[in-house]
Amino acid sequence: MTSDDRLWVVVGPTASGKTALAVELCEAHDGEIVSADSVQVYRHFDVGSGKPSAEERARARQHLIDVIEPNEPMDAARFTELAELAIAEIRGRGKRPIVCGGTFLWVRALLHGLVPAPPADAALRARHQARVNEVGRAGLHADLGRVDPEAARRLAPNDFVRVSRALEVFELTGVRMSDWQAAHGFKTSRHEARLLGVRREKAELDQLILARCRAMLAAGWVAEATRLLQAGYAETRPFSSVGYKQIAQALSREEPIDLAELELAIFRATRVFARRQRTWLRDQPIEWLTPGSTKL
RNA sequence: GUCCGGGUAGCUCAGUCGGUAGAGCAGUGGAUUGAAAAUCCACGUGUCGUCAGUUCAAUUCUGACCCUGGACA
């Protein structure tokens with residue numbers, strides 16, 4: 001294959017086999033993987049996050065997995081900083097970085113950057129939450145409408161996360177989020193990318209998801225989650241991720257865990273997640289690859 | 001066998017003082033600019049267990065029967 005300086009990015013829904021494909025690509029093209037996964041970045045959340053196996057790690061070097069503690073701050077902007085460092089470092093050694101992951105906001109941020117706004121402000125978020133307790137989400141949405149009508153128009157009153165962020169951006173900078181977004185619009189690229197997608201039939205993906213849920217539970221997922229809960233990680237980000245959330249809920253009930261019921265709940269949450277990922281990927285200029293095909 | 005609950009959307013249930021019914025979850029589609037595996041939006045005709053009675057009108061009242069949970073025998 002001729003040299004291709006583009007940044008290769010492997011995408012696809014959860015459980016589709018992204019890592020396996022990325023590992024093959026690394027072996028064939030002297031590459032190393034830069035993970036774009038919002039759960040695998042955390043240490044200790046191993047069984048349920050689908051981290052690459054020891055064998056896969058041996059075959060291809062992995063970056064941005066196990067790099068922060070569960071209670072450390074992490075967001076899309078911080079990810080792009082870390083990813084840029086990893087990419088530069090890999091290229092500096094003459095290797096090919098291959099981005100691989102299912103957190104598509106992070107991938108988009110890496111490829112196109114984000115609005116130049118400051119990071120989240122814990123004190124402001126707390127104030128917004130207090131305001132919601134007082135006047136409801138619709139009340140906070142109305143607050144936003146007073147300073148940034150365009151943002152308020154586009155956001156649902158119940159979408160607290162985004163309403164709070166838009167309000168926060170204005171309060172911190174005096175600039176309307178909607179103005180920044182209009183100017184930014186993900187129009188420019190920080191990297192020329194080659195998007196490689198793993199395609200799966202829906203029924204086939206369901207089978208893969210179910211099999212993976214079973215395998216993870218059999219591999220001691222509940223025990224791991226129990227340990228993490230005891231270690232005081234209950235309120236951390238990764239505990240609200242698919243599966244860990246369902247396990248924590250099951251553990252918090254009086255009755256003993258019904259494993260079949262838990263498995264079903266996790267399977268369902270995972271396929272809902274896969275659906276949302278499909279929406280992200282729709283209409284993207286992706287080269288779709290069918291697993292098993294020899295094209296790399 | 002007797003008594004008391006239940007039988008309503010794929011699941012768990014709410015409801016109709018008689019005018020053919022609605023939430024959560026699941027499902028499908030969508031949004032996504034420092035929480036993103038998060039957060040949010042849209043989409044709900046189903047013999048209201050069966051048969052009969054009363055009624056202009058019954059899923060709603062009455063009776064019988066069937067199924068189911070519990071208590072007592």
Side-chain angles (χ1 to χ4, degrees), chain A residues 13-15 18 35-42 45 48-51 70-83 101-122 124-126 128-129 132 137-138 141 148 151 153-166 168-169 172-173 175-188 190 202 206 209 212-213 216 235-249 261 264-284:
Chain A
T14 186
K18 289 188 294 294
S35 165
D37 188 296
S38 64
V39 180
Q40 295 180 13
V41 274
Y42 295 105
F45 286 72
S49 63
K51 285 176 186 172
N71 47 16
E72 281 185 75
M74 185 65 199
D75 58 44
R78 178 112 183 84
F79 164 75
T80 63
E81 289 164 17
L82 296 174
T103 305
F104 301 127
L105 173 65
W106 289 14
V107 171
R108 178 180 280 182
L110 175 62
L111 298 182
H112 304 287
L114 295 166
V115 136
D121 181 296
L124 269 185
R125 296 277 166 107
H128 292 165
Q129 185 54 58
V132 164
R137 290 181 168 190
H141 185 258
D148 188 346
R153 190 186 61 75
R154 287 183 21 229
L155 295 174
N158 274 339
D159 196 351
F160 174 75
V161 170
R162 292 190 178 76
V163 169
S164 175
R165 172 62 180 161
E168 168 186 76
V169 165
L172 250 27
T173 66
V175 179
R176 291 188 200 93
M177 183 63 155
S178 60
D179 289 340
W180 251 331
Q181 289 184 339
H184 180 83
F186 298 110
K187 285 182 288 234
T188 60
R190 293 148 54 111
K202 231 155 151 184
D206 279 353
I209 289 172
R212 199 167 77 149
C213 287
M216 285 171 170
E235 302 304 321
T236 59
R237 283 294 171 68
F239 239 114
S240 64
S241 65
V242 165
Y244 284 100
K245 188 201 294 184
Q246 282 74 20
I247 294 175
Q249 271 168 12
E261 189 187 319
L264 182 62
I266 295 175
F267 166 67
R268 285 174 163 170
T270 308
R271 64 199 301 277
V272 166
F273 170 47
R275 230 183 37 216
R276 272 181 276 130
Q277 289 181 306
R278 214 176 297 136
T279 304
W280 268 100
L281 298 179
R282 213 199 34 188
D283 302 334
Q284 291 273 109

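Letters go in sequence order (proteins before strands), and every chain restarts at 1. Please read these numbers as outputs of a predicted model, since none were measured by experiment.
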Under 4.0 Å, counting only non-hydrogen atoms across every strand here, what does A:S240 touch: a base, just sugar-phosphate, or nothing? sugar-phosphate
In whole Å, what is the span from the CZ atom of A:R78 to the C1' atom of B:rA35? 16 Å
What contact category does A:K202 fall into here, base, sugar-phosphate, or nothing, at under 4.0 angstrom with non-hydrogen atoms? sugar-phosphate
Distance between the P atoms of B:rG70 and B:rU55, in whole angstroms? 40 Å
Whole Å only: how far is the NZ atom of A:K245 from the P atom of B:rA35? 16 Å
Interatomic distance at C1', B:rU54 relative to B:rG22, whole Å: 29 Å
Considering Watson-Crick and G-U wobble pairs with both distances under 3.5 Å, what does B:rG34 pair with? none
Please measure how far the P atom in B:rA52 lies from the corresponding atom in B:rG18, and state the result in whole Å. 23 Å
Pairwise P distance, B:rU2 and B:rG63 [rounded to whole Å]: 16 Å
For B:rC43, give the paired nucleotide (Watson-Crick: N1-N3 plus N6-O4 or O6-N4; G-U: N1-O2 and O6-N3; both under 3.5 Å), or none. B:rG27
Are A:R276 and B:rG30 close enough that a side-chain N or O sits under 4.0 Å from OP1 or OP2? no
With the side chain counted from C-beta on, respond yes when A:R212 and A:M216 share a heavy-atom pair under 4.5 Å apart, and no when they do not. yes
So, does A:N158 get its side chain near the phosphate of B:rC41, meaning an N or O under 4.0 Å from OP1 or OP2? yes
Please classify the glycosidic conformation of B:rG34 as syn (within 90° of 0) or anti (everything else). syn
Pick base, sugar-phosphate or nothing for A:W180, based on heavy-atom distances below 4.0 Å to the nucleic acid. nothing
Quick one: does A:R237's side chain have a donor or acceptor within less than 3.5 Å of a partner on A:M74's backbone? yes
How long is the line joining CG of A:D159 and C1' of B:rU39, in whole Å? 5 Å
Could you check how far NE2 of A:H184 sits from P of B:rG34, rounded to whole Å? 10 Å
Phosphate OP1/OP2 of B:rG30 contacted by A:T279 side-chain N/O (<4.0 Å): yes
Roughly, in whole Å, what's the span from CG in A:L281 to P in B:rG29? 14 Å
Measuring only the P atom in each nucleotide, how far is B:rA14 from B:rU8? A whole number of Å is fine. 10 Å
In whole Å, what separates the P atom of B:rA57 from that of B:rC41? 44 Å
Whole-Å P distance, B:rA58 and B:rA21: 14 Å
Between A:Q277 and A:G102, is there a donor-acceptor pair closer than 3.5 Å when you use the side chain of the first and the backbone of the second? yes
Comparing nearest nucleotides in RNA chain B, the 5'-proximal residue of the pair A:S241, A:M177 is A:M177
Aromatic plane relationship, A:F186 with A:H112 - under 30° parallel, 30 to 60° tilted, over 60° perpendicular: perpendicular
For A:A109, answer base if it contacts any base atom (sugar-phosphate contacts may also be present), sugar-phosphate if it contacts only those atoms, and nothing otherwise; contact means non-hydrogen atoms under 4.0 Å. nothing
Want to settle it: does A:Q277 or A:F267 sit nearer the 5' end of RNA chain B, counting the closest nucleotide to each? A:F267
A:Y244 side-chain N/O to A:P238 backbone N/O, donor-acceptor pair under 3.5 Å: no
For B:rC48, give the paired nucleotide (Watson-Crick: N1-N3 plus N6-O4 or O6-N4; G-U: N1-O2 and O6-N3; both under 3.5 Å), or none. none
With sugar-phosphate meaning primed atoms plus P, OP1 and OP2, does A:T14 contact a base, only sugar-phosphate, or nothing at under 4.0 Å between heavy atoms? nothing
Can a donor-acceptor pair be found, under 3.5 Å and without considering hydrogens, that links the side chain of A:Q40 to the backbone of A:G50? yes
Go through it in stages, so that I can follow the logic: the residues are A:R108 and A:W280, the test is side-chain contact (heavy atoms from CB on, under 4.5 Å), and I'd like the CA-CA distance, side-chain angles, deciding distance and then a yes or no. CA-CA 10 Å; A:R108 178 180 280 182; A:W280 268 100; 3.5 Å; yes
Could you check whether A:G48 gets within reach of a base, just the sugar-phosphate, or nothing at all, counting any heavy atom under 4.0 Å? base
B:rG29, OP1 or OP2 - any side-chain N/O from A:R282 closer than 4.0 Å? no
Base of B:rA36, side chain of A:R162 - is there a donor-acceptor contact under 3.5 Å? yes
If I take atom CZ in residue A:F273 and atom P in nucleotide B:rG30, what distance separates them, rounded to the nearest angstrom? 16 Å
Is a donor-acceptor pair below 3.5 Å formed from side chain A:D75 to base B:rA36, judging by atom type as modelled? no
Kindly point out which of B:rU33, B:rG34, B:rA38 is positioned nearest to the side chain of A:A120? B:rG34
Using purine N1 to pyrimidine N3 plus N6-O4 or O6-N4 for Watson-Crick, or N1-O2 and O6-N3 for G-U wobble, each under 3.5 Å, what pairs with B:rC61? B:rG53
Presence of donor-acceptor pair under 3.5 Å, side chain of A:R125 and base of B:rA35: yes
Counting any heavy atom closer than 4.0 Å, what does A:S38 reach on the DNA or RNA strands: base, sugar-phosphate only, or nothing? base
Compare the minimum distances between each of B:rU28, B:rA36, B:rA37 and the side chain of A:R271, then state the nucleotide with the smallest one. B:rU28
Think A:R137 has a side-chain N or O under 4.0 angstrom from the OP1 or OP2 of B:rU39? no
Specify the separation, in whole Å, of atom CG of A:L105 and atom P of B:rC40. 17 Å
Going through the checks in order, is the side-chain contact (heavy atoms from CB on, under 4.5 Å) test met by A:L82 and A:R78? CA-CA 6 Å; A:L82 296 174; A:R78 178 112 183 84; 3.9 Å; yes
Could you tell me how far B:rU20 sits from B:rU47 if I compare only their C1' atoms? Round to whole Å. 12 Å
Does OP1 or OP2 of B:rU33 have a side-chain N or O of A:R165 closer than 4.0 Å? no
A:E261 has an atom CD; how far is it from atom P of B:rU12, in whole Å? 12 Å
